[in-house]
Number of protein chains: 2
Amino acid sequence: MFSKACEYGIRATIYIASRSRQGERAGIKDICKEIGAPEHFTAKILQNLSRMKIISSVKGPNGGFYLDEGAKNIKLIDVVRAIDGDKLFTGCGLGIKECSETKPCPIHNEFKAIRNSLQQMLERTSLTDLTKDLEKGLVFLKR
Amino acid sequence: MFSKACEYGIRATIYIASRSRQGERAGIKDICKEIGAPEHFTAKILQNLSRMKIISSVKGPNGGFYLDEGAKNIKLIDVVRAIDGDKLFTGCGLGIKECSETKPCPIHNEFKAIRNSLQQMLERTSLTDLTKDLEKGLVFLKR
DNA sequence: ATAATAAAGGATGTTTTTGTCCTTTATAGG
DNA sequence: CCTATAAAGGACAAAAACATCCTTTATTAT
């Protein structure tokens with residue numbers, strides 16, 4: 001479904017959002033330890049997300065990654081789009097290039113419905129929403 | 001979502017089902033031409049599906065792939081499971097190994113709902129169902 | 001029997017994704 | 001200013017996915 005990069009990216013940004021809500025920045029080592037992801041690989045992903053203004057970062061002592069005020073409303077779909085693009089939401093389920101309403105593949109409509117509900121779910125879920133359950137210990141980012 | 005192998009596999013088996021309904025077998029060259037897929041790669045996929053009894057084949061002149069009587073009721077999910085396994089239906093959306101009802105990831109329930117609706121769609125759709133629209137020229141397997 | 005046909009199977013090559021390592025740049029604190 | 005820290009960035013390595021090629025086996029028709 002999502003690429004590994006995207007899975008790590010989502011888990012990392014949720015963790016960052018949580019730390020951010022507590023007014024703290026999160027370093028890459030800490031992040032990867034908490035979400036059980038490979039450090040260097042995840043660092044690349046966060047670099048990209050930072051360049052794309054999904055998350056913010058500062059270098060140096062006490063530096064790290066965080067969500068700035070304007071980014072508190074970031075939704076999961078923003079993270080997914082930044083990492084995997086939107087082929088998941090626009091591409092044909094059977095991989096047919098020119099699949100469309102007028103020239104549909106055999107599962108066009110059924111697939112579209114599922115894809116849309118996935119998209120809607122990602123659109124309505126913000127990182128900050130998810131931190132609440134995380135902080136209550138109701139959900140987990142590793143194991 | 002699905003692997004390339006799975007996309008080709010589904011398109012090929014739908015085409016085979018259609019030819020089969022007309023009492024014909026389909027050769028690999030013909031199949032790949034009609035679905036716009038790479039020949040040798042698709043041949044491997046069909047070999048696997050044949051070994052797994054999803055489709056049948058005969059060698060030699062007038063040979064080819066077909067659905068035998070007992071396989072006319074094959075559902076899309078059988079093809080997907082044979083090629084991609086069932087990680088799409090059982091795995092965690094965020095790639096967390098031990099994600100479960102008791103130790104859920106942050107999107108566990110939302111993701112499960114979507115996954116289930118995908119699974120149900122694939123379970124209720126048979127290859128033979130899809131051939132009807134194909135034969136009417138309402139849906140397409142390439143371009 | 002023999003030749004032609006078409007799938008089966010094995011080996012190999014390419015590309016993409018995933019993952020690691022090392023150097024450079026920016027920042028904070030002494 | 002100098003040093004330590006932590007992200008940024010580039011180069012490289014491993015694994016998986018995607019794809020091709022060539023030989024073998026089974027079947028049909030002559």
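Below, chains carry the letters A, B, ... as their sequence lines are ordered, and counting in each starts from 1.
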Identified side-chain contact (heavy atoms from CB on, under 4.5 Å) partner of F140(B) from the options P106(A), P104(A), C105(A): P104(A)
Any pair counted as side chain to side chain donor-acceptor pair (under 3.5 Å), so long as it reaches residues 82-97 of chain B, sequence neighbours left out: S3(B)-D84(B)
F65(B) atom CZ is separated from dA6(C) atom P, nearest whole Å, by 12 Å
Residue pairs fulfilling salt bridge (Lys or Arg N to Asp or Glu O under 4.0 Å) with at least one residue in residues 28-37 of chain B, sequence neighbours excluded: R19(B)-D30(B)
Taken to the nearest whole Å, CZ/F2(A) to P/dT17(C) is 16 Å
Under a 4.0 Å N-O cut-off, is there an ion pair linking K132(B) with E135(B)? no
Under the rule for ring-ring contact (aromatic ring centres under 6.0 Å, His included), what residues qualify as partners of F65(A), not counting sequence neighbours? none
How close or far is atom C1' of dA26(C) from atom CZ of R51(A), stated in whole angstroms? 16 Å
Any salt bridge (Lys or Arg N to Asp or Glu O under 4.0 Å) involving residues 39-54 of chain A? Give me the pairs, sequence neighbours left out, ordered by first then second residue. none
Hydrophobic cluster partners of Y66(A) (side-chain heavy atoms under 4.5 Å): V58(A)
Residue list, side-chain hydrogen bond (donor to acceptor under 3.5 Å, both in side chains) with S56(B), at least two apart or on another chain: none
With a 4.0 angstrom cut-off to heavy atoms of chain A, pull out the first and last contacting nucleotide of DNA chain D, in 5'-to-3' order. dA4(D) to dA11(D)
Under 3.5 Å, is there a donor-acceptor pair between the T128(A) and S126(A) side chains? no
Can you pull out the residues from residues 6-35 of chain A that lie within a 4.0 Å heavy-atom distance of DNA chain C? Y8(A)
Using a cut-off of strictly less than 4.0 Å between a heavy atom of the residue and any atom of DNA chain D, enumerate the qualifying residues of residues 77-97 of chain B by number. none
Interface residues of residues 36-44 of chain A with DNA chain C (non-hydrogen, below 4.0 angstrom): P38(A), H40(A), F41(A), K44(A)
Residues that Y15(A) engages under ring-ring contact (aromatic ring centres under 6.0 Å, His included), provided they are two or more places apart: none
With E123(B), which residues qualify under salt bridge (Lys or Arg N to Asp or Glu O under 4.0 Å), at least two apart? none
Tell me whether the side-chain N or O atoms of K59(A) pair up with the base of dT25(C) as donor and acceptor below 3.5 Å, since no angle test is needed here. yes
Which residue lies toward the 5' end of DNA chain C, V58(B) or V58(A), if each is placed at its nearest nucleotide? V58(B)
Starting at OG1 of T131(B), measure out to CD of Q22(B) and round the result to the nearest 0.5 Å. 8.5 Å
Counting distance only, does the side-chain N/O of S117(B) pair as donor-acceptor with the main-chain N or O of I114(B) below 3.5 Å? yes
